[in-house]
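Model, not experiment: these values are computed from the prediction. Numbers here simply count residues along the sequence, with the first being 1.
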Amino acid sequence: KLASAMLEKVFLAADTVDPLYSMLQAWGPGKHTKRYACDLAEIVHVSCKVLDRDDAANAGDAGLKHFDLAQYLYKLLKQPNTMDLYAALLEGYASNAPNVNHFVYAFLRRVAMLQIRDVRNAAAAAAPPSTAAAKRFAVHPTSGDIATLEPLLYRVRYFKAFAALLDDRKHGRVDATVDLLCDLAR
């Protein structure tokens, strides 16, 4: 109960004390060292793991607030530097420690599997049917088959890094953690 109360204070309170958002926003490829980027990736990884385990452990306890890990990831992804940080770490996979490559894999996999929330239908349902907002949000997107945030990985930096990964795999120059990244590239 004490641990859940601490998690609630850090992640769920209206005035959260989680400084990760500002650290991700401040990160820049020329501003900080690679070690700092690795540390940020580790903080994100551990935070997601703790929140995921806490949510699973408290699934049957009606007295505790339940944490929405997807909402937390959406909040992290609002920072444009977040995906750039992981792209930079992915590009340096050959010199990364195995645990850093695992953190990169885990985050990119979470992003690729994260379901898109349909904000158009939510806004249309909240607005009266006769308003212009309801009509504007009632339009169906042309890419209706896209259900996850996987397209966030469709950037040139990621394609180049994945191509290098697959090339190294073809030549047998990968270890087990890099092999996971190769599986993500497929």
Side-chain angles (χ1 to χ4, degrees), residues 10-11 16 18-53 67-120 140-186:
V10 172
F11 296 106
T16 60
D18 184 12
L20 188 56
Y21 311 115
S22 58
M23 290 190 298
L24 286 170
Q25 185 177 21
W27 180 85
K31 290 194 234 177
H32 298 95
T33 63
K34 183 177 179 180
R35 182 68 239 159
Y36 183 75
C38 295
D39 290 343
L40 282 178
E42 184 173 7
I43 292 169
V44 169
H45 181 75
V46 170
S47 297
C48 289
K49 290 294 269 189
V50 166
L51 294 170
D52 205 16
R53 285 185 184 150
F67 189 80
D68 187 4
L69 184 59
Q71 188 64 30
Y72 183 71
L73 288 172
Y74 277 120
K75 199 171 180 182
L76 290 179
L77 291 170
K78 283 183 184 177
Q79 303 297 334
N81 293 348
T82 302
M83 293 304 288
D84 292 337
L85 173 115
Y86 282 94
L89 288 174
L90 184 63
E91 288 170 339
Y93 71 92
S95 62
N96 290 345
N99 62 334
V100 173
N101 285 333
H102 174 75
F103 301 153
V104 172
Y105 166 77
F107 184 79
L108 295 181
R109 178 131 177 99
R110 282 184 191 272
V111 168
M113 302 301 286
L114 188 61
Q115 295 292 316
I116 294 176
R117 296 202 174 149
D118 195 355
V119 294
R120 291 175 301 274
H140 297 288
T142 57
S143 57
D145 294 337
I146 298 174
T148 65
L149 291 180
E150 182 182 342
L152 286 178
L153 303 179
Y154 301 164
R155 297 178 177 191
V156 173
R157 286 183 80 177
Y158 284 105
F159 284 136
K160 288 173 68 175
F162 285 139
L165 274 164
L166 293 172
D167 188 49
D168 281 356
R169 182 186 214 180
K170 187 171 98 176
H171 291 83
R173 296 184 299 240
V174 296
D175 61 9
T177 56
V178 176
D179 206 31
L180 284 174
L181 289 169
C182 291
D183 290 338
L184 187 63
R186 284 195 244 164

CZ of F103 to NZ of K49: how many Å apart, nearest 0.5 Å? 10.5 Å
Going by the rule side chain to side chain contact (heavy atoms under 4.5 Å, CB included), which residues pair with Q25 if we only count those two or more places apart in sequence or in a different chain? Q79
Heavy-atom closest contact (Q115 atom, A147 atom, distance): OE1-O, 3.2 Å
For the CG atom of L165 and the CD atom of E91, what is their distance to the nearest 0.5 Å? 10.5 Å
Which label fits H102 and H45: parallel for a plane angle under 30°, tilted from 30 to 60°, or perpendicular past 60°? perpendicular
Check this for me: K160, atom NZ, are more than 12 non-hydrogen atoms of other residues, nucleotides or ligands nearer than 6.0 Å? no
D84 and P29, any side-chain heavy atoms less than 4.5 Å apart: no
Do R157 and L90 make a side-chain contact, defined as non-hydrogen atoms from C-beta onward lying under 4.5 Å apart? no
Run the side chain to side chain contact (heavy atoms under 4.5 Å, CB included) test against L77 and tell me which residues pass, sequence neighbours left out. T82, M83, F107, V111, L114, L149, L152
For Y36, enumerate each residue passing the side chain to side chain contact (heavy atoms under 4.5 Å, CB included) test, keeping only those at least two apart in sequence or located in another chain. M23, W27, H32, T33, L40
From L73 atom CG to C48 atom SG, the distance as rounded to the nearest 0.5 Å: 4.5 Å
Hey, could you give me the CD/CG distance between Q71 and L51, rounded to the nearest 0.5 Å? 12.5 Å
Which is it for R110 and D52 under the side-chain contact (heavy atoms from CB on, under 4.5 Å) test, yes or no, and what are the steps along the way? CA-CA 12 Å; R110 282 184 191 272; D52 205 16; 4.0 Å; yes
Would you find a donor on one side and an acceptor on the other, under 3.5 Å apart, between the side chain of Y93 and the backbone of A161? no
Separation between CG of L89 and OH of Y86, rounded to the nearest 0.5 Å: 7.5 Å
Taking every heavy atom of Y72 against every heavy atom of Y21, the minimum-distance pair comes out as CE1-OH, 3.0 Å
